[in-house]
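This report refers to the structure that appears directly beneath it.
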Amino acid sequence: MTNTAQAKQTLGTSGLVLHQAALYDLTLWLLSLGRESTFREKVLRLARLSSGEQVLDVGCGTGTFAIAAKRQVGFTGTVYGVDASPEMLARAGKKATKAGMEIVLKNALVEALPFPDAQFDVVLSTVMLHHLPGKLRRQCAAEIRRVLKPGGRVLAVDFGTSPSQKRGIVAHFHRHGHISLVEIVAIFSEAGLSIVESGAVGISDLQFVLAAAPCCE
């Protein structure tokens, strides 16, 4: 079921927590140059989702990718979204209801995921890691590794360039952080994940890393 009951308070974290949900969606629209559906599909293709998979979207924001992931995993699959912002989760719940998609939303921190070990086939992290300080990035990667099933996958997509290094409408409206591709690879490798693929998404300055948990412990 779509669950916004836990979206009641902003949890304590040293990471950046966003509260302006409508502005977040506007920024995503600007980032995709008004082609948000194409943007979603392009990113999710990198995750190689399959019908029936269990998916977790960490830092899910307003649920854009969680809802799209649910469409891909179908009735037999389950999608969870976690975020520290109650405002984001409230908007995500409304969007999921409007889309007729059942996703599970939890008010939780990426450094302390409220799930048992080895629950998910896929974990998604979309423009979220740059909101975390260095230590928290590593804690998040360790938690992702913990909740992945053997052979499970994590897809991280994030900005590779500081706004001061570029121009354009997104840079004008959204002063975001960034994280290098090398650092994403490093923190996933340190967490015990194997890098499957990495490179440019082909939209703005977004980059991606696809990594996998060991098949056997």
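For the numbers below, each heavy atom of this structure counts, side chains included, while hydrogens, waters and symmetry mates do not.
Here CZ of Arg138 is found 11.5 Å from NZ of Lys135. Values are rounded to the nearest 0.5 Å. Here the NE2 atom belonging to His131 is positioned 12.5 Å from the CG atom belonging to Leu136, to the nearest 0.5 angstrom. Note that CD of Glu41 is 6.5 Å distant from CZ of Arg45, once rounded to the nearest 0.5 Å. Separation of atoms CG (Leu181) and OG (Ser198) is listed at 4.5 Å; rounding is to 0.5 Å. Distance check: Glu190 CD to Glu183 CD gives 9.0 Å after rounding to the nearest 0.5 Å. Rounding to the nearest 0.5 Å gives a distance of 13.0 Å between CZ of Phe65 and CD1 of Ile103.
Val182 and Met128 fall into different hydrophobic clusters, defined by Ile, Leu, Val, Met, Phe, Trp and Tyr side-chain heavy atoms under 4.5 Å apart, directly or through other members.
No donor-acceptor pair closer than 3.5 Å links the side chain of Asp205 to the backbone N or O of Phe159. Side-chain atoms of Arg146 come within 3.5 Å of backbone N or O of Leu113 as a donor-acceptor pair. Within the 3.5 Å criterion, the main-chain N or O of Arg48 finds a donor-acceptor partner in the side chain of Arg153. The closest donor-acceptor contact from the side chain of Asp158 to the backbone of Leu129 lies under 3.5 Å.
Heavy atoms only, all atoms of each residue included: Gly52 and Thr76 are closest at CA-OG1, 3.2 Å. The minimum heavy-atom distance between Asn107 and Ser85, with the atom names listed, is ND2-N, 4.1 Å. The shortest heavy-atom contact between Thr78 and Val73 is N-CG2, 4.2 Å. Closest heavy-atom contact between Leu132 and Cys140: CD1-CB, 3.9 Å. Considering every non-hydrogen atom in both Glu143 and Val110, the closest pair reads CB-O, 3.7 Å. Contact detail for Leu105 and Cys60: the closest heavy-atom pair is CD2-SG, 4.2 Å.
The ring-ring contact (aromatic ring centres under 6.0 Å, His included) contacts involving residues 189-212 comprise nothing, where partners must be two or more places apart or lie in separate chains.
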Checking side-chain contact (heavy atoms from CB on, under 4.5 Å) for the pair Leu44/Gln72: CA distance, chi angles, key distance, verdict? CA-CA 9 Å; Leu44 288 179; Gln72 293 197 16; 3.6 Å; yes

Output, in order, the C-alpha distance, side-chain angles, deciding distance and verdict of side-chain contact (heavy atoms from CB on, under 4.5 Å) for Leu210 and Leu46. CA-CA 7 Å; Leu210 180 67; Leu46 296 170; over 6 Å; no

Should Leu206 and Thr126 be marked as a side-chain contact (heavy atoms from CB on, under 4.5 Å) after you check the CA-CA gap, both sets of side-chain angles, and the distance that decides it? CA-CA 10 Å; Leu206 291 173; Thr126 309; over 6 Å; no

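With Leu56 as the fixed residue, the side-chain contact (heavy atoms from CB on, under 4.5 Å) test singles out one of Val122, Leu148, Val147: Val147.
Counting heavy atoms from C-beta outward, Lys95 and Ile67 have side chains that approach closer than 4.5 Å. The side-chain heavy atoms of Val43 and Leu155, taken from C-beta on, include a pair separated by under 4.5 Å. With contacts defined as side-chain heavy-atom distances shorter than 4.5 Å, the pair Pro214/Arg145 qualifies.
Here Phe120 pairs with Tyr80, Phe115 under the ring pair (Phe, Tyr, Trp, His ring centres under 6.0 Å) rule; sequence neighbours left out.
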